[in-house]
Amino acid sequence: MAATHTLSEADSAQLVARHGVPTAESRRVRTPDDAVVASGEVGYPVVVKLNSPHLAHKTERDLVRLGLADAGAVHAAAVALLDAAQPDDGDVDLLVAHMVSGARELVAGLHTDPQFGRCVMVGVGGVLTVALGDVVFRLAPLDATDAAEMLDELRCQELLGPVRGEPAVDRAALVDVLLALSRLADAEPNVVSVDINPLVVEDGAPIAVDALVETT
Amino acid sequence: MSARDASAFAALFDPGGVIVAGASSHPGKFGFVVLHNILRHAYRGRVFATNREGGEILGVTAHTGVDCIPDGVADLVFVCTPIGANAELLRACARKGVRAAFVMTSGYAETGDEGRRAEAELASVAEEVGILLAGPNGQGIVSTPSSLCAQMVAPYPPPGRIGIASQSGNIVSSFENLAIRSGIGVSRAVSAGNAAVVGIADYLEFFAADPATDVGLAYLEGVRDGRALFEALRRAAREQPLVLVQGGATAGGRRAAASHTGALASNERIFSGMCRQAGVNLAATVEEAFDAAATFATQPLPRGPNVAVLTTAGGWGVLTADSLVRSELSLLTLPDDLRAAIDALLPPRWSHGNPIDLAASESRDTIPDVLELLGKHPAVHAVIFLGSGVQSNQAKLMRSGQFSSGHGLERIIEFHERQDARYAQVAAAVSAASGKPVLVATELAATDPDNPGPRTVRDTGKLCYWSASRAVTALEHLWRRARFLQRRGQL
């Protein structure tokens, strides 16, 4: 397989959004002052992240600031993140996004299998994704019936029902996310993989909060 | 692809005549065993043999070469000759009108580069002369409509509606053994060997169009072209149920993945998803696969998930209910009218729910009536009946002991055996009349297959399940297919 590279988080989010995956409202900025302006536009609370194509695992380096509720907190976080950038990180900027909140985190993605080619995946997301392994695959392209059956096959069906005061997951909206990934596979031959984790469920609606796209 | 059309498959499975090339007079050699097995099972067409030294083997004249055989008398050659002779053999066979070859000879691609070259050459010669090439390195072929047992191992299964294709010859034998023991027979069986030209999916596509076959059953190991496999399986599964067992599903060999999606993309998960998407029933084990195929071959598809369990005793019903709850099927909540109708037939101590525990009331002859009620009620989609053969088991004990005569046991022995046979017959009749699956499960099918309960289930052409949990799993396979078809407007 040819060498691949990952898009920055902002570019990744933009690509999946273009094919119809709901994503959190966000802005890319270069300065702490612009971060404050952007926060006002996307709506508090916000998340501010250091953004670069070379930063795939931001959490490990503490480059994500969650739940920032006012201009002061955003400014301070932006200064700290820009200070934390290292030479290897290349050209960095800041990603300011409305903070989506929901008790449930799903995962969705696209994978290129050596035998079967591009496959769409959905499952239980968050930090325990790999440990739980509750995921289902289908070959792309898939149709709405296939996508609905993927949801039926997840072991944690309770997670899709009403949870902790939040309504049941909107299955039709989740089916749409999977169909969007299928369309993306069709339209973007260079995309090797897409990883949307977490796909947060806010008031029953799935919203991509973190996306990582790998291309040739 | 002229060599792979339907007429070439017909030459492979229903040949008018067979040549065993490389027949041997030594009973220890495969060239003898194959000829023996073809003759032993009274193949309907003509049988020819070749052997470099000529002579006669098992009453068949051994020709010194294919050229000595008349033109147009054989469609199939079963090849047991050494690698070096086979390319020329195919050319000679083609000149005689042979359309298909099953190559048993090993030493091809499974042995390395040199073998791979020989295999590629053989495949290209077959293509060039218009012969469908099965194998090489395969165990053989069975086709009950032609009474053809062209394989180098036993057994020969009873005739039936299951078509078997396997990447492992031994697993063909396993399926055939299960067919013999269960009485649920086979139409065609083939060991694909190295599958130089014809792969598992090709055989399954042939089965899908084959009037002799209702269900495809396959064992698959490596996958060469996943997309082609998927498309072929999907096409075949539109025509008939397909049950697959995959070997090596858990094997590694994936690149270390940066993404969660990649890290979770195991062969097993992707293969399983592919099967669901193609409408293929994936089974975890050989026995689960055979049970499922046998059930597809002998029971109608359920129109919904709701199962009624009829049992003569408590524990069986409880465990079956547990199995159902864990499955994609549902344990039916008895509708009031059905409960009232059953209540009118049974003594007051019956369970009043599902599982329908008859509370040992079988001596009042209630089983046929309750089965018929379940068949008629629209809320019931399928029935599992437990307790077949219990009475006959007691009868056997009475029959075999020192009190068997002179104590008036004869009548009760006969009654017990007659009842168990009747329950099995009613189960089949209710299924036929209602169009619903009615499954009978008892371990006696394994421990005492001649017991009149399981024996009669077999005589009605149905599978008697060795346990309730196996019946549940088999029924779950039928429901998965029914639901797949329903959701796509195909049922």
Side-chain angles (χ1 to χ4, degrees), chain A residues 1 4-6 12 56-57 105-150 152-153 157 181 192-199 210-214, chain B residues 199 201 220-234 246 248-280 282 305 325-328 476 479-481 483-491:
Chain A
M1 192 178 283
T4 63
H5 66 278
T6 52
S12 295
H57 295 284
E105 296 186 333
L106 304 176
V107 60
L110 196 66
H111 166 75
T112 304
D113 179 77
Q115 260 99 40
F116 290 99
R118 288 183 312 165
C119 307
V120 173
M121 183 265 255
V122 69
V124 177
V127 290
L128 295 179
T129 299
V130 173
L132 291 173
D134 189 6
V135 296
V136 176
F137 287 85
R138 289 292 186 271
L139 311 192
L142 47 83
D143 64 22
T145 309
D146 296 324
E149 286 178 344
M150 291 173 76
D152 292 345
E153 277 166 45
Q157 286 298 311
L181 286 168
V192 174
S193 77
V194 176
D195 205 38
I196 299 172
N197 191 16
L199 181 69
D210 200 346
L212 186 65
V213 173
E214 182 187 7
Chain B
L220 199 69
E221 273 172 19
V223 174
R224 274 178 223 166
D225 181 345
R227 280 287 162 164
L229 176 73
F230 169 67
E231 296 298 344
L233 291 176
R234 181 148 73 169
Q246 191 204 11
T250 57
R254 288 173 296 117
R255 72 193 173 105
S259 69
H260 296 107
T261 308
L264 288 159
S266 68
N267 296 345
E268 189 173 22
R269 288 192 180 105
I270 291 177
F271 195 86
S272 151
M274 181 278 292
C275 285
R276 292 272 187 154
Q277 196 171 359
V280 167
L282 184 61
V325 167
R326 289 187 201 110
S327 78
E328 292 171 27
E476 187 180 26
W479 168 232
R480 277 185 195 158
R481 177 168 177 81
R483 190 179 54 195
F484 180 90
L485 296 174
Q486 280 176 357
R487 285 175 174 163
R488 289 159 180 81
Q490 292 163 18
L491 183 71

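Below, chain A is the first sequence line, B the second, and so on; all start at residue 1.
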*Reported SG-to-CZ distance for the pair B:C275 and A:R138, which is rounded to 0.5 angstrom*: 10.0 Å
*Could you grab the distance from atom CE of B:M274 to atom CG of A:D113, nearest 0.5 Å is fine?*
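Between B:M274 CE and A:D113 CG, I get 10.0 Å after rounding to 0.5 Å.
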*asked:* As a quick check of understanding, evaluate salt bridge (charged side-chain N to carboxylate O under 4.0 Å, His left out) for B:R487 and A:E149, giving each step before the final call.
replied: CA-CA 10 Å; B:R487 285 175 174 163; A:E149 286 178 344; 3.0 Å; yes
*Are any of the side-chain heavy atoms of B:R227 and A:L139 separated by less than 4.5 Å?*
yes
*Side-chain touch B:I270/A:H111, heavy atoms, less than 4.5 angstrom*: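 B:I270 reaches A:H111 side chain to side chain.
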*By a 4.5 Å heavy-atom criterion (distance strictly below it), what part of A:V136 contacts chain B: side chain, backbone, both, or neither?*
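Contact with chain B: none, neither part.
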*A:V122, A:V135, A:T129: which one forms the most heavy-atom pairs within less than 4.5 Å of chain B?*
A:V135
*Does a salt bridge link A:D146 with B:R488, judged by any charged N lying under 4.0 Å from a carboxylate O?*
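Salt bridge flag = yes for B:R488 with A:D146.
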